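Order of listing sets the numbers, starting from 1, for every ligand and every atom in it. Just so it is clear, the model here is predicted, and its values are computed rather than measured.
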Amino acid sequence: MIDAISLLRAFTRLERKRLHLGVSGSIACYKAADLLRNLHKADINVSVTVTAGARHFVQPLLFSSLGAAPVYPEMFSGEEPFAHLEPGQSCHALLVAPASANLIARVAQGLAQDMLSAQILAFAGPVGVAPAMNTLMWQNAATRANIATLRERSVTIVEPDSGTLACGSEGQGRLAPMSCLLAQAMRLLAPKDMAGETVLVTLGPTREPWDGVRFWSNPSTGAMGASLALAAWMRGARVHALAGPGIDTDLVPALPGLELTRVKTAREMMTRAEELWPTVTMGMFTAAVADFAPVLYGAGKFKKASSPDGFSIAFTPNPDILATLSAKKENRRLLGFAAETAADDAELMALARLKLAKKGVNVLAANNVSQAGSGFGTGTNAMAVVNSKGREEHWPLQGKMDVAWDLCTWLLNS
Ligand code: PMT
């Protein structure tokens, strides 16, 4: 299954960045170990501080055994006199996950009596907190005020999830899902060179019904589009992801600034894209939109008995979403895709050039969908990429997040 976590774990463009992970007292402490493993998969270096509260649930040895380095001792242990300053000097970002109500209060007040609070106070880079606590503690006016203070200071709040809590009560307070934690951790580390952009990403297939229960479609999973949505979001853009049906629910995490709209048919996708267009500064068109829609056989289920010798379906053309919007391009930057079955790289590049001109885009990425590991339903892609300035490159098979990252860079420079 391709989900956001598998796409992010294979992402290599933040490799060798350093994140400091703070772990404070919550039953969700064990999830910090999983976050550490996922960050390591993406070759991100992680150091860890486990607070005294968290040590009731997990021991620092867990994190050092999983490869975190360093794992800091308690304050005044005598081991490292300047350990409270080190993350601020060596790490690109700091995330506390889980963040207890107590830790959040200490940070809001600027207290520094324990190692993690002091490290946060001495950290000038991007900071995030992922709260986890009982609903009443989360809703308490004191916590609300502390969270508001942190937001004012540009601390990223990774909103807790709602559901059944460890104490058995229902409500908001569960540590955010792993896909959100991982994406937010990476966003803290990413450059913000797409800040101010509003990006429309179309993704997935469309389904064109031919009777009340059956449809005409294709095998797109939305992985390529979800990767672009995540990459642009990490780099500071506001993103509207416009997805066809059947997209896995775990593919596009619920993140602030990344809106997901689900549609079914090409015409619905066209309507929603046109509504969004006035607000959009960049368009990325990865959706495998059905070029034709079957003429409907009726609103109910087509019965075999009504045509025992077989039957034909007639098709009518669907709107070309990219071509329609590119005619209203103005100063927007556009990325188009091409799903091709080319005999070799030279043919793929020739098809990419043709589609760049035909669709009127700044960058065109063609994937050979007949090549193993490339195109539909894979976590990887190989591409022929061209831009309107005449730049051309063949990209070997690599993870879709890496492809998406590099396409964002091309679009910014095209
Ligand atoms: O979703 P995945 O499983 O990750 O697979 C990724 C992918 C193979 C779907 C993706 O990499 C890809 O190739 N997307 C484009 C598929 C496609 O429809 O290509 P096309 O050559 O038919 O269309 C050219 C461009 O016009 C595309 O940007 C397409 O989104 C757009 N288009 C096409 C037809 C149409 N009616 N409206 C459109 O906007």
Per-pair distances, 0.1 Å, donor-acceptor, side chain in residues 156-166, under 3.5 Å, sequence neighbours excluded:
from, atom 1, to, atom 2, distance (Å)
E159, OE1, Q172, NE2, 3.1
E159, OE2, R151, NH2, 2.6
T164, OG1, E170, OE2, 2.5

Among residues two or more places apart or on two chains, list those pairs meeting salt bridge (charged side-chain N to carboxylate O under 4.0 Å, His left out) that have a residue in residues 224-238.
D193-R235, R238-E259
Whether S326 side chain and K359 backbone form a donor-acceptor pair below 3.5 Å:
yes
Side-chain donor-acceptor contacts of residues 30-39 below 3.5 Å, not counting sequence neighbours, with atom names and distances?
from, atom 1, to, atom 2, distance (Å)
N38, OD1, R9, NH1, 2.5
N38, ND2, D34, O, 3.3

Do you see a donor-acceptor pair shorter than 3.5 Å between the side chains of D3 and S6?
yes
Sorted by chain and residue number, the residues having a heavy atom closer than 4.0 Å to an atom of ligand 1 are S220, T221, G222, A223, M224, F285, T286, A287, A288, V289, D291, P319, D320, I321, L322, G336, F337, A338, A339, K355, K359, N367, G375, F376, G377, N381, K400
Kindly say whether V363 contributes a backbone atom to a donor-acceptor pair with the side chain of N387 at under 3.5 angstrom?
no
